[in-house]
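By convention in this document, chain letters (A, B, ...) are assigned in the order of the sequence lines, proteins followed by strands, and residues within each chain are numbered from 1.
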There are 2 protein chains.
Amino acid sequence: MGTLADHIEAYIKQMLRRSEDNSVELSRAQLASDFSCVPSQINYVLATRFTLERGYVVESRRGGGGYIRVAHVQVEDDLTHAVNLLKSIGSQLSERRMENILARLRDIGLISPAQCNLIRGIVQQETGTISQGKDVLRASLVRALLFYIIKSEA
Amino acid sequence: MGTLADHIEAYIKQMLRRSEDNSVELSRAQLASDFSCVPSQINYVLATRFTLERGYVVESRRGGGGYIRVAHVQVEDDLTHAVNLLKSIGSQLSERRMENILARLRDIGLISPAQCNLIRGIVQQETGTISQGKDVLRASLVRALLFYIIKSEA
DNA sequence: ACAGTTAAGGTCAGTAATAGTCAAAGAAAG
DNA sequence: CTTTCTTTGACTATTACTGACCTTAACTGT
């Protein structure tokens, strides 16, 4: 099944769902101990899966009584947010940024998991046949497809 | 008989049939080991036999805990013609040819006039910002958008 | 107050575990 | 004999995980 990082991610997300205010406070050392890993593994999970682009804000404090707080931020207007996300795509788009954006759009319910896979598949198919400028083509394709989805579902 | 690639193809398809949700997760290295071949042989099989055109979506992740997931999506018979049209697009697409294709798709009722306009607008927007390779980008964009429409409205 | 101790969390670079790419060699088909 | 499909392997890219070392904040005794 998934990796340790996946499990930690799932665990934190579950806690977030169960929380009243979409935020949880963690103890890095405690969590690492629960999952039998080094503390820095927690930083790895936070850095790769709880980014701002995916809609999470992480704040922390060191020292005695230190903590890590993870908040899932909701946007007032999903459509506006989606459009802003699209605007943030420049002339180039890496695979990683695409994944972040898709994860976010799926998260706010603008696209379904199936739509997400379809987009991914199409982009992979199209970018697979060229050797140069994949990031440029990916930017255009993702912008075009998402724009189409937004327009036709609005 | 058949080649090694054929056997690997058959094996993956068998797994897909046996799966509950028409999708399987593979380990490239494991599969290569099972068939006593180099790992890149698996990529060859996926690239030549499990394409979007044939109704498969392939996604993968590298690194520790990496995987390859193959999903099979059903295509209606009515859409075969449209899919063939898409195949004919090739690596470049002029504005004139695009118009021809859009017209035909509109004729057979696969896309509405509104969708047609939306596609035109998006393609114009995306191709307008580049100076070279407009026909190449247009081919990708039109293929991507039409493919998306066909798949999501099937 | 101050200094020392304790209790957090942060960084970064290195290692391991996967998968991807590309071009060239080999095999099969026409 | 030429072209197309298959197979291989060397090189590359990405992701996960660990551990040594660093930074910050609170507490404690004098």
Side-chain angles (χ1 to χ4, degrees), chain A residues 1-12 24-51 53-54 57-71 92-100 102-103 120-121 123-135 137-138, chain B residues 1-12 24-51 54 57-70:
Chain A
M1 293 282 284
T3 64
L4 173 58
D6 292 334
H7 289 127
I8 297 173
E9 174 189 10
Y11 177 74
I12 294 174
V24 287
E25 195 170 300
L26 315 168
S27 148
R28 188 180 78 145
Q30 183 58 53
L31 196 53
S33 166
D34 290 347
F35 282 93
S36 303
C37 63
V38 292
S40 57
Q41 175 75 355
I42 307 303
N43 295 88
Y44 174 73
V45 173
L46 292 172
T48 54
R49 284 127 158 110
F50 293 88
T51 64
E53 198 163 51
R54 294 192 181 198
V57 175
V58 178
E59 60 173 336
S60 64
R61 225 173 76 187
R62 308 183 184 191
Y67 60 83
I68 298 178
R69 197 191 321 269
V70 182
Q92 292 181 248
L93 182 66
S94 69
E95 241 181 305
R96 184 188 306 250
R97 277 231 301 142
M98 176 183 83
E99 287 301 334
N100 284 339
L102 290 181
R120 215 186 268 119
V123 170
Q124 194 172 45
Q125 178 94 357
E126 291 296 327
T127 58
T129 58
I130 64 171
S131 53
Q132 283 190 328
K134 283 188 204 286
D135 284 359
L137 177 57
R138 187 181 295 114
Chain B
M1 254 300 301
T3 64
L4 173 57
D6 292 334
H7 289 127
I8 297 173
E9 174 188 10
Y11 177 74
I12 294 174
V24 286
E25 195 171 301
L26 317 166
S27 148
R28 189 180 78 144
Q30 183 59 55
L31 196 53
S33 167
D34 291 348
F35 282 92
S36 303
C37 63
V38 292
S40 56
Q41 175 76 351
I42 307 303
N43 295 87
Y44 175 72
V45 174
L46 292 173
T48 55
R49 282 121 158 118
F50 293 87
T51 63
R54 297 190 183 192
V57 177
V58 178
E59 67 171 324
S60 65
R61 217 167 82 183
R62 306 185 187 190
Y67 58 80
I68 297 177
R69 191 164 13 235
V70 182

Worksheet item: Can you tell which of D/dC17, D/dA16, D/dT7 lies closest to the side chain of A/Gln41?
Response: D/dC17
Practice prompt. Ignoring hydrogens and angles, answer whether the base of C/dG9 and the side-chain atoms of A/Ser40 contain a donor-acceptor pair closer than 3.5 Å.
Written response: no
Item to complete: Please determine, for the side chain of A/Arg62, which listed nucleotide (C/dA8, D/dT15, D/dT7) has the closest atom?
Response: C/dA8
Item to complete: Please check the phosphate of D/dA16 (OP1 and OP2 only) for any side-chain N or O of B/Arg61 closer than 4.0 Å.
Response: yes
Worksheet entry | Under 4.0 angstrom between A/Arg49 side-chain N/O and D/dT15 OP1 or OP2 | no
Worksheet, complete the sentence: Rounded to whole Å, the CG-P distance (B/Asn43 to D/dA10) equals 17 Å
Worksheet item: A/Leu4 has an atom CG; how far is it from atom C1' of C/dA17, in whole Å?
Response: 14 Å
Discussion item. Donor-acceptor pair, distance only, cut-off 3.5 Å: does the side chain of A/Asp6 make one with the backbone of A/Thr3?
Written reply: yes
Discussion item. Once you apply a heavy-atom cut-off of 4.0 Å, does B/Thr48 come out as touching a base, just sugar-phosphate, or nothing?
Written reply: nothing
Response to the item:
Among C/dG10, D/dT14, D/dT7, the one nearest any side-chain atom of B/Thr3 is D/dT7
Item to complete: Round to the nearest Å and state the distance from B/His7 atom NE2 to D/dT7 atom C1'.
Response: 15 Å
Discussion item. Using a 3.5 Å distance criterion without hydrogens, assess whether the side chain of A/Arg138 forms a donor-acceptor pair with backbone atoms of A/Leu93.
Written reply: yes
Discussion item. With rounding to the nearest 0.5 angstrom, report the CZ to CZ distance, A/Arg62 to A/Arg28.
Written reply: 9.0 Å
Discussion item. Please compare A/Gly63 and A/Ser36 by the position of their nearest nucleotide in DNA chain D and report the one closer to 5'.
Written reply: A/Ser36
Item to complete: Select one nucleotide: of C/dG20, D/dT6, D/dT18, the one nearest the side-chain heavy atoms of B/Tyr44.
Response: D/dT6
Fill in: Distance test, side-chain N/O of A/Arg28 to OP1/OP2 of C/dA7, below 4.0 Å
no
Worksheet item: Touch check for A/Gly66, heavy atoms < 4.0 angstrom, all strands: base, sugar-phosphate only, or nothing?
Response: sugar-phosphate
Worksheet item: Just checking B/Ile42: base, sugar-phosphate only, or nothing, at a heavy-atom cut-off of under 4.0 Å?
Response: nothing
Response to the item:
Side-chain atoms of A/Ala5 come closest, of D/dC17, C/dA19, D/dT7, to D/dC17
Worksheet item: Does a side-chain N or O from A/Ser60 land closer than 4.0 Å to OP1 or OP2 of C/dG10, or not?
Response: yes
Discussion item. Which is more 5' along DNA chain C, the nucleotide nearest B/Ala29 or the one nearest A/Gly128? Just name the residue.
Written reply: B/Ala29
